[in-house]
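Quick notes on the structure that follows.
All values below were derived from every heavy atom in this structure, side-chain atoms included, with hydrogens, water molecules and symmetry-related copies excluded. Sequential numbering from 1 along the given sequence is applied to the chain's residues.
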Amino acid sequence: MPVIYLETFIEAPIETCFNYARNVEAHVKSTEQTKERAVGGVTTGLMENGDSVTWEATHFGIKQRLTAEITAMHKPDWFIDEMVSGAFKSFVHTHRFEGMGQVTLMIDQFIYKAPFGVVGSIANVLFLKKYVKGLLEKRALQLKSMAENR
């Protein structure tokens with residue numbers, strides 16, 4: 001299974017970073033390029049363990065829906081969200097936070113299975129992994145900006 005791993009240093013306390021990462025409005029703002037919006041489940045505020053949200057966004061010119069659920073959480077150190085339904089065969093996104101005073105290391109680990117068997121595996125090599133990594137990098141930079149400029 002493909003794995004995307006990102007580290008982002010943020011000049012903000014761990015609690016601030018943790019809360020921005022699970023805030024629905026911050027998520028929407030950090031994914032403006034795909035016109036992402038929450039259309040089901042928790043649609044505002046901070047997500048908690050057991051909460052789910054259905055996102056609607058445009059990827060590759062196609063409007064899509066994806067439902068994810070927070071399946072585990074240990075405040076303010078980490079939380080995990082997993083796809084319930086959507087375009088991937090599956091994914092598990094682990095969000096970790098390591099506080100160092102007024103600086104936090106935010107770590108994203110995104111493990112996924114592309115859809116469509118062999119065709120999906122080929123698409124992953126050709127463009128999907130690069131596309132998903134770019135989305136996660138842009139989101140991390142937006143969260144960094146929000147947390148540092150709060």
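- Proximity of a side-chain donor or acceptor of T104 to a complementary backbone N or O of I14 within less than 3.5 Å is detected.
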field: Chi angles and distances behind the side-chain contact (heavy atoms from CB on, under 4.5 Å) call for R139, T31
entry: CA-CA 6 Å; R139 182 169 188 276; T31 57; 4.3 Å; yes
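- Residue Y5 belongs to a hydrophobic cluster whose other members are F9, M100, V103, L105, I107, with links defined by side-chain heavy atoms closer than 4.5 Å.
- Comment: E25 does not engage K29 in a salt bridge, judged by the lack of any side-chain N to carboxylate O separation of less than 4.0 angstrom.
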>> Between Q109 and V3, is the side-chain contact (heavy atoms from CB on, under 4.5 Å) condition met? List the steps.
In response: CA-CA 7 Å; Q109 179 178 292; V3 177; 4.1 Å; yes
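- Using a 4.5 Å heavy-atom threshold, the side chains of T94 and V92 count as touching.
- Of all heavy-atom pairs between A87 and P115, the closest is O-CG, 3.0 Å.
- The shortest non-hydrogen separation linking A147 to C17 is CB-SG, 4.4 Å.
- In this structure, M73 and R22 have side chains that are in contact, with non-hydrogen atoms separated by less than 4.5 Å.
- The backbone N or O of M47 sits nowhere less than 3.5 Å from a side-chain atom of D51 that would complete a donor-acceptor pair.
- In this structure, CG in L143 is found 12.0 Å from OG1 in T16, a value given to the nearest 0.5 Å.
- The closest side-chain heavy-atom distance from L135 to Q33 is below 4.5 Å.
- Note on L46 and I10: separate hydrophobic clusters, where clusters join Ile, Leu, Val, Met, Phe, Trp and Tyr whose side-chain heavy atoms are under 4.5 Å apart, directly or indirectly.
- The two atoms that bring V24 and T43 nearest to each other are CG1-O, 3.3 Å, heavy atoms only.
- Interatomic distance, K138 NZ to L136 CG, rounded to the nearest 0.5 Å: 11.0 Å.
- Tested against H95 for a ring-ring contact (aromatic ring centres under 6.0 Å, His included), the candidates W78, F79, F110 yield a single pass: F79.
- Note that the NE2 atom of H59 and the CD atom of Q64 stand 5.5 Å from one another [nearest 0.5 Å].
- Across all their heavy atoms, A26 and M146 have their closest contact at O-CE, 3.5 Å.
- Atoms NE2 and CZ, on H74 and F18 in that order, are 9.5 Å from each other to the nearest 0.5 Å.
- Between N49 and A72, the shortest heavy-atom contact is OD1-N, 3.2 Å.
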Requested in this report: Starting from the C-alpha separation in whole Å, work towards a yes-or-no answer on ring pair (Phe, Tyr, Trp, His ring centres under 6.0 Å) for F88 and F116.
Outcome: CA-CA 9 Å; F88 291 95; F116 310 122; over 10 Å; no
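- Rounded to the nearest 0.5 Å, atoms CG (D108) and CZ (R96) are 10.0 Å apart.
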Practice problem: Just do the side-chain contact (heavy atoms from CB on, under 4.5 Å) check on I4 and Y112 with the steps written out, would you? | Solution: CA-CA 9 Å; I4 297 170; Y112 66 99; 4.0 Å; yes
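- Checked against F91 for a side chain to side chain contact (heavy atoms under 4.5 Å, CB included), the options E82, M1, M83 give a single hit: M83.
- I62 and V132 fall into different hydrophobic clusters, defined by Ile, Leu, Val, Met, Phe, Trp and Tyr side-chain heavy atoms under 4.5 Å apart, directly or through other members.
- A donor-acceptor pair under 3.5 Å is formed between the side chain of E148 and the backbone N or O of E11.
- Among all heavy-atom pairs drawn from V53 and A38, the shortest one is CG2-CB, 3.8 Å.
- The pair E15-K75 does not count as a salt bridge, with every side-chain nitrogen at least 4.0 angstrom from each carboxylate oxygen.
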If you apply the rule side-chain contact (heavy atoms from CB on, under 4.5 Å), what do you find for T58 with T34, and how did you get there? CA-CA 5 Å; T58 302; T34 61; 5.5 Å; no
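- Applying the ring-ring contact (aromatic ring centres under 6.0 Å, His included) test to pairs two or more places apart or on separate chains, those with a residue in residues 20-54 are H27-W55.
- In this structure, OG in S90 is found 9.5 Å from CD1 in I111, a value given to the nearest 0.5 Å.
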